[in-house]
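Below is one structure, written out as structure tokens; comments come after it.
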Amino acid sequence: MSASTSNEHEAIRRLKSEFLAQFEGVTSNSNDLVTVIGATNRPQELDDVVLRRLVKRIYMEFSETVSYNGWLL
């Protein structure tokens with residue numbers, strides 16, 4: 001979900017709008033426990049509105065010398 005631009009395709013705009021609308025419903029009841037997991041190799045391009053809704057972030061730097069096999073939760 002990259003930041004919105006003026007030349008963004010209509011289908012992408014609709015997808016973002018639907019995602020954000022559905023995500024609003026997820027956070028409406030504080031007793032519900034919902035886990036959303038996402039991944040990107042370009043975090044600097046994420047939309048600010050999406051970032052505000054995803055409050056917990058884990059950044060992993062890429063390294064060819066480190067094995068990530070044990071990082072799965």
Side-chain angles (χ1 to χ4, degrees):
M1 299 253 173
S2 63
S4 299
T5 61
S6 60
N7 62 349
E8 187 174 68
H9 194 275
E10 177 64 24
I12 298 297
R13 265 189 243 121
R14 286 195 314 251
L15 175 80
K16 284 183 186 179
S17 295
E18 183 64 23
F19 171 80
L20 294 171
Q22 294 296 326
F23 204 82
E24 278 298 315
V26 167
T27 60
S28 62
N29 188 348
S30 61
N31 294 328
D32 292 341
L33 179 62
V34 177
T35 302
V36 178
I37 299 175
T40 182
N41 60 347
R42 297 185 293 184
Q44 69 278 4
E45 294 183 18
L46 289 174
D47 192 300
D48 290 334
V49 177
V50 174
L51 287 175
R52 282 195 296 270
R53 286 166 174 78
L54 303 173
V55 294
K56 175 80 173 177
R57 296 180 196 104
I58 301 172
Y59 293 102
M60 297 171 50
E61 292 188 33
F62 178 75
S63 174
E64 293 182 23
T65 60
V66 177
S67 172
Y68 295 109
N69 292 336
W71 286 37
L72 294 177
L73 301 175

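Count residues from 1 along the sequence.
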For Arg42, all residues meeting salt bridge (charged side-chain N to carboxylate O under 4.0 Å, His left out), sequence neighbours excluded
Glu45
All heavy atoms of Pro43 vs all of Asn41, minimum pair found to be CD-C, 3.5 Å
Closest non-hydrogen contact found for Arg52 with Arg57 is N-NH2, 4.2 Å
What residues, two or more places apart in sequence or in another chain, satisfy side chain to side chain donor-acceptor pair (under 3.5 Å) together with Glu10?
Arg13
Does Ile58 share a hydrophobic cluster with Ile37, counting links as ILVMFWY side-chain heavy atoms below 4.5 Å and allowing steps through other members?
no
With sequence neighbours left out, write down each residue that passes side chain to side chain contact (heavy atoms under 4.5 Å, CB included) with Ala21, or none if nothing qualifies.
none
Leu20 and side chain to side chain contact (heavy atoms under 4.5 Å, CB included): which single residue from Val50, Leu15, Asp47 fits?
Val50
